[in-house]
Amino acid sequence: METDIIKSPDVSRIVEKQHLNKWVAFSPDYAEILAFGDRLVDVDKQVDGAKAVFAKILPDAFFAPADFSLQ
């Protein structure tokens, strides 16, 4: 089976301390943060249909539990 490897973008220049443990909506080119918040559903509402890439910004950790509920 063939696997494509995609290099993660370097967002360290735009992610700040206030974004840690938050959901973030990046512009498609990862040049800017469009919105951020505690819940993915809220961040999605903030971008109001704009094209965005969503990610949870986690602090450096060996184990990061995830909660994907949209409640």
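Hydrogens, waters and symmetry mates play no part in the numbers below; they use all other heavy atoms, side chains included. By convention here, the first residue in the shown sequence is residue 1. Given the structure is predicted, the values throughout are model-derived calculations rather than measurements.
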> How far apart are the closest heavy atoms of I14 and I33, and which atoms are they?
Replying inline: O-CD1, 3.6 Å
> If two hydrophobic side chains count as joined below 4.5 Å and joins carry through other members, does V24 share a cluster with V47?
Replying inline: no
>> Under the criterion side chain to side chain contact (heavy atoms under 4.5 Å, CB included), I'd like the reasoning laid out for I57 against W23: C-alpha separation, chi angles, the key distance, then a yes or no.
In response: CA-CA 6 Å; I57 305 300; W23 283 98; over 6 Å; no
>> Quick check for you: to the nearest 0.5 Å, what is the distance between K51 atom NZ and L34 atom CG?
In response: 13.0 Å
> Which residue pairs satisfy the salt bridge (charged side-chain N to carboxylate O under 4.0 Å, His left out) criterion with at least one member in residues 26-37, sequence neighbours excluded?
Replying inline: none
>> Restricting to non-hydrogen atoms, name the atom on Q18 and the atom on F36 that form the minimum distance, rounded to 0.1 Å.
In response: O-CE1, 3.8 Å
>> Please enumerate all residues that pass ring-ring contact (aromatic ring centres under 6.0 Å, His included) together with Y30, with sequence neighbours excluded.
In response: F26
>> Can you pull out every salt bridge (charged side-chain N to carboxylate O under 4.0 Å, His left out) where at least one residue sits in residues 8-20? Sequence neighbours excluded, please.
In response: none
>> With rounding to the nearest 0.5 angstrom, report the CZ to CG distance, F54 to D44.
In response: 4.5 Å
> Taking all non-hydrogen atoms of both residues, which atom of V43 and which atom of A25 are closest, and how far apart?
Replying inline: CG1-CB, 3.7 Å
> Is V11 reachable from L20 through a run of hydrophobic residues whose side-chain heavy atoms are each under 4.5 Å from the next?
Replying inline: yes
